[in-house]
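The block underneath contains the structure these notes are about, expressed in structure tokens.
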Amino acid sequence: MPASPQSIFVIIPCFNEASVIKDTVSGVLEKGYSVVVVDDASSDDTKQRLQWLPVHYLRHRINLGQGAALQTGMDYALKKGAEFLITFDADGQHFPGDIAGMVETMEAKRVDIVFGSRFLKGSDSTVPQGRKWLLKTARYVNYFFSGILLSDAHNGFRCLSRKAAEQIRLRENRMAHASEILIQVARLKLTYAEYPVKIHYTTYSIAKGQGNRHGLRILFELILYKLFR
């Protein structure tokens, strides 16, 4: 039996995304999904841009980072009865139309989590060359720490089952949470699959993304995580 759209909760963490957040959220709402926006202490008018939209709006009093925002959103969605939890970037680069395929893949393959991929056959994205190098390097960094080798290591587009969301606890507040998820998937023996997704890069989304310096910071955070957790 197909999943009810209302049982699919799309979690959108955001920080100062006022210029794009309404369009991003509206695209998801058009598909009938439940939307949870976690405002990570934005200083712009993000909240005002979401007025009159039927979303679950949560706000951190201080900026805690994307990992913390995702954990806040997942905890809330579980309390609201979510059966499927989608993590979705606020900058407009992901396509709401891919959500149904990720849920269908999860149900058909009976896995606990589905990772979106920009590099599988059937995906549709033009990754900037510099970022492509960083992402391919990140694959093997993640493999070293988790034992899981994905085709796309740091894609913020994922689908988690209720079971997975109940077990995964993000402690890395910043961007290293993407690698922390893989580490926990391996430790908890959760099953997983990948799904080819579309990515729409804009000047805005590229500017908000991870540069090489940011990638080195993630590596440093991962080393600390491995040593002290």
Side-chain angles (χ1 to χ4, degrees), residues 2-104 106-107 112-116 155-175 177-178 180-181 184 195 197 205 208:
S4 164
Q6 290 76 29
S7 72
I8 301 170
F9 279 65
V10 181
I11 300 163
I12 305 178
C14 69
F15 176 65
N16 291 340
E17 304 276 12
S19 64
V20 295
I21 190 64
K22 184 176 180 180
D23 287 342
T24 299
V25 169
S26 296
V28 177
L29 288 172
E30 287 175 1
K31 299 294 183 180
Y33 304 125
S34 300
V35 175
V36 180
V37 175
V38 184
D39 185 344
D40 195 25
S42 296
S43 57
D44 62 10
D45 62 341
T46 290
K47 183 176 181 179
Q48 287 69 32
R49 298 296 179 95
L50 295 172
Q51 281 187 328
W52 316 119
L53 291 180
V55 302
H56 302 268
Y57 176 83
L58 311 175
R59 178 177 169 84
H60 288 163
R61 292 184 178 181
I62 60 174
N63 181 256
L64 296 175
Q66 192 178 62
L70 285 173
Q71 189 62 60
T72 295
M74 289 194 295
D75 289 343
Y76 179 86
L78 288 171
K79 289 179 182 178
K80 291 295 183 179
E83 293 298 329
F84 303 90
L85 296 85
I86 307 294
T87 65
F88 198 88
D89 287 353
D91 59 14
Q93 65 174 316
H94 296 152
F95 280 76
D98 283 330
I99 293 173
M102 297 180 84
V103 172
E104 289 168 5
M106 173 172 285
E107 293 183 312
D112 300 312
I113 184 168
V114 175
F115 295 97
N155 193 328
F157 201 178
R158 314 173 191 87
C159 177
L160 290 81
S161 67
R162 184 176 182 87
K163 170 189 171 182
E166 287 175 336
Q167 294 186 61
I168 290 174
R169 304 301 303 175
L170 298 177
R171 297 181 178 86
E172 290 296 325
N173 289 351
R174 303 294 168 179
M175 296 306 295
H177 72 271
E180 184 187 16
I181 288 175
Q184 294 196 34
Y195 181 82
V197 297
S205 66
K208 293 283 286 190

Carboxylate-amine/guanidinium contact Asp45 Arg49, below 4.0 Å: yes
Please name the pair of heavy atoms, one in Asp89 and one in Gln66, separated by the smallest distance, quoted to 0.1 Å. OD1-NE2, 4.0 Å
Could you walk me through whether Ile99 and Cys159 pass the side-chain contact (heavy atoms from CB on, under 4.5 Å) test, one step at a time? CA-CA 8 Å; Ile99 293 173; Cys159 177; over 6 Å; no
Please find the pair of heavy atoms, one from Ala90 and one from Ile21, that lie closest to each other, and give the distance. CB-CD1, 4.0 Å
side-chain contact (heavy atoms from CB on, under 4.5 Å) evaluation trace for Ile12 with Glu17: CA-CA 11 Å; Ile12 305 178; Glu17 304 276 12; over 6 Å; no
By the definition side chain to side chain contact (heavy atoms under 4.5 Å, CB included), identify the one residue from Phe84, Phe115, Tyr195 that meets it with Met102. Tyr195
How far apart are the C-alpha atoms of Val36 and Leu85, what are their side-chain angles, what is the distance that settles it, and do they pass the side-chain contact (heavy atoms from CB on, under 4.5 Å) test? CA-CA 10 Å; Val36 180; Leu85 296 85; over 6 Å; no
d(Leu64 CG, Ile62 CD1) to nearest 0.5 Å is 5.0 Å
Could you tell me whether the side chain of Val38 reaches within less than 4.5 Å of the side chain of Leu70, counting heavy atoms only? no
Taken to the nearest 0.5 Å, the spacing of Lys47 NZ from Cys14 SG works out to 12.0 Å
Flag side-chain contact, heavy atom, 4.5 Å: Pro13 against Asp40: no
OG of Ser42 to NE2 of His60: how many Å apart, nearest 0.5 Å? 11.0 Å
Between the main-chain N or O of Phe9 and the side-chain N or O of Ser34, is there a donor-acceptor pair closer than 3.5 Å? no
First locate atom CD of Gln6, then atom CD of Glu83, and finally report the distance between them rounded to the nearest 0.5 Å. 12.5 Å
Decide yes or no on side-chain contact (heavy atoms from CB on, under 4.5 Å) for His94 and Asn155, but give the supporting numbers first. CA-CA 10 Å; His94 296 152; Asn155 193 328; 3.6 Å; yes
Can you find a pair of side-chain heavy atoms, one from Arg169 and one from Asp75, that are under 4.5 Å apart? yes
Compute the centroid of each ring, for Phe157 and then for Phe88, and state whether the two points are separated by less than 6.0 Å. yes
Taking every heavy atom of Val103 against every heavy atom of Ala3, the minimum-distance pair comes out as CG1-CB, 4.1 Å
4.5 Å side-chain heavy-atom contact, Ile86 and Tyr33: no
Are any of the side-chain nitrogens in Asp98 or Lys31 under 4.0 Å away from the carboxylate oxygens of its partner? no
Indicate yes or no: at least one non-hydrogen side-chain atom of Arg171 is less than 4.5 angstrom from one of Glu180. yes
With rounding to the nearest 0.5 angstrom, report the CG to CG distance, Asp91 to Asp23. 12.0 Å
Scanning both residues in full, the closest heavy-atom pair of Arg158 with Ala178 reads NH2-CB, 3.6 Å
Do Tyr57 and Asp39 have side chains that get closer than 4.5 Å, going by heavy atoms? yes
Gap separating the CD1 atom of Ile168 from the CE atom of Met74, nearest 0.5 angstrom: 6.5 Å
